[in-house]
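What follows is one structure encoded as structure tokens, with my remarks underneath.
Quantities reported herein were computed from a predicted structural model and do not represent experimental measurements. Remember, it's 1-based here, ligands and their atoms both numbered in the order they're listed.
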Amino acid sequence: MNASWWKECVIYQVYPRSFFDSNGDGIGDLAGITEKLNHLVDLGVNTLWVSPFFKSPQADFGYDISDYCDVANEYGNLDDAKKLIDEAHAKGLRILFDLVLNHTSDQHPWFIDSKSSRNSQHADWYIWRDGRGPNGRLRPNNWRSGLEIKSAWHWSRERKQWYLGTFLPCQPDLNWRNPQVREAMFDAVRFWLDMGVDGFRLDMFGAIMKDPDFRSNPFHPYFEPSELFRLWRRDFTENTQDNFELAKELRSVCAKYEPERVLIGEVFGPPDVLKQYIGDGAGLHFTFLFDFLAFRFNKEYFTNRIRSYEKHFAPPFLPTYVVENHDRSRSFSRLGQDIFKAKVLALMMLTLRGVPVIYQGQELGMPNTYIPLAKAQDPIARQYFWWMPEAISKRLSERINRDEVRTPMQWTSKPNAGFCPENIQPWLPVNNNYLDCNVEIQSSYRNSLLNWYKEILHTRKECSSLSRGDLVLISNLPEHVLGYSRTYETETVYIYLNFSTRDEHIEVGKGKKVILSSDPGNLLGETLLKIAPYAGIALKEI
Ligand code: GLC
């Protein structure tokens with residue numbers, strides 16, 4: 001295995017509950033992922049990230065863990081996990097698991113013990129505080145939960161104290177200032193590294209180390225680049241100096257393993273802050289960059305972001321590109337379900353310099369599947385259900401009910417889209433577009449989105465400039481055409497993306513050939529290139 005294999009990662013996110021159900025209970029499982037690994041190989045990705053499948057009461061579908069070193073029954077057992085790792089490796093894939101370090105489930109034995117009394121063995125394993133005011137019933141400070149609308153402090157009747165749960169009340173935050181917690185969690189990390197996993201996606205990593213003095217966050221309404229509205233800055237609860245140190249400590253745990261294991265953090269913040277996680281001698285290999293989750297489909301939007309990423313994450317750093325995931329809207333819906341636009345977006349995200357992260361079903365153009373809040377299984381949606389009128393939630397471009405982006409993967413035209421047996425009800429409804437939108441059918445016609453993804457990813461493998469090259473934005477192009485070149489050693493590839501509704505013409509000079517074209521209307525003459533509306537093309541120097 002190449003030592004810096006991670007520099008050429010193309011990641012595919014599998015949400016196990018919805019990928020493939022191998023045992024007919026309507027819920028995806030680990031053996032199901034193993035069974036479908038060939039889909040990933042055919043697609044041309046090289047790294048797989050599996051969302052949590054550990055023991056959990058599933059209050060947040062696995063992001064609430066009650067045993068870090070075991071598998072939830074519905075997903076299989078430890079042998080299935082080992083088999084998945086081994087089979088992935090046998091097929092030349094790397095595999096990343098999802099580490100939820102910030103919080104456990106409130107059903108974790110550590111928390112059950114911790115909340116039982118202030119003197120229990122695990123009393124100090126979570127973040128407990130006395131309240132303010134005469135009988136301590138005022139919250140210790142103003143820290144908000146991930147959902148912003150509620151406080152992050154939750155009252156425990158047993159201990160008559162507040163505990164911190166930055167996400168949901170059933171996800172109490174661990175006290176990472178306690179060395180016993182660190183050791184126990186690092187043991188869990190080693191457990192999976194010993195089993196052979198190639199690294200981790202780190203859930204809510206930026207939030208782990210809070211201010212030791214518990215200072216309140218400053219009031220400051222703002223929009224995050226990924227367009228989440230916030231009322232308080234998170235100076236004392238996110239990206240603290242101690243958190244950067246923790247990243248290094250985690251890296252040193254992984255550094256004992258060969259070949260190198262990769263760490264990719266879910267962290268939020270401006271580029272100069274995120275960069276500190278991956279700077280010289282820092283802890284992580286990458287952080288997700290989430291701006292593209294809220295993309296506007298136009299040249300200006302993408303050019304600004306690419307320029308900013310190229311500036312802040314210039315080589316040897318690598319930006320990451322994410323347009324959808326298990327928490328946020330499907331990109332195909334953001335694009336008005338327009339396949340031409342989806343092809344442009346795919347060409348862009350898979351040919352930019354950096355690490356693309358594809359979410360299962362993105363390659364088919366799976367859209368959001370509307371599910372009313374009243375029917376939601378997602379705990380976030382259930383929080384909104386009490387006060388958000390359906391008429392409003394329905395119209396939001398961002399999905400409040402994350403079930404809508406987690407519906408079963410569509411494999412075939414059979415009932416239940418081949419995700420589970422016909423007579424079984426899948427845990428979430430299958431989108432009723434599955435007859436046209438599934439792996440089997442899209443493999444069979446040439447111009448499908450799936451085949452376009454395959455074509456780009458296979459070209460990316462063949463052209464070192466696409467997987468390793470530098471990127472330069474091309475200037476003097478028509479108003480709505482975005483262009484950039486990628487160069488590695490003597491090889492250069494040019495990518496042009498037309499964001500307008502009409503043909504565009506560009507003088508590209510002699511000596512080029514087309515290596516990727518999203519539309520038969522694209523034409524390369526001797527020196528003049530015509531690009532069809534909402535189309536993309538890649539040219540290579542002959
Ligand atoms: C992350 C996960 C999300 C989960 C949350 C709490 O943001 O992506 O699905 O609900 O953390 O663990």
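Both the sub-6.0 Å distance and the 45° axial angle are not jointly satisfied by R305 relative to the ring of F295. Figure legend: R94 and W5 shown as a cation-pi pair, the cationic atom lying under 6.0 angstrom from the six-membered ring centre and within 45 degrees of its axis.
For F111, the ring pair (Phe, Tyr, Trp, His ring centres under 6.0 Å) partners at least two apart in sequence or on another chain are Y126, W128, Y163. Among residues two or more places apart in sequence or in another chain, the salt bridge (charged side-chain N to carboxylate O under 4.0 Å, His left out) test is passed with E158 by K115.
Note on residues 173-195: pairs passing salt bridge (charged side-chain N to carboxylate O under 4.0 Å, His left out), not counting sequence neighbours, are D173-K210, R177-D242, R182-E249, E183-R190, D187-R190.
If you look at ligand 1, the protein residues with a non-hydrogen atom under 4.0 Å away are D60, Y63, H103, F167, Q171, R201, D203, M204, E266, H326, D327, R402, R406.
Ring geometry for Y309 versus Y321: interplanar angle of 30 to 60°, hence tilted.
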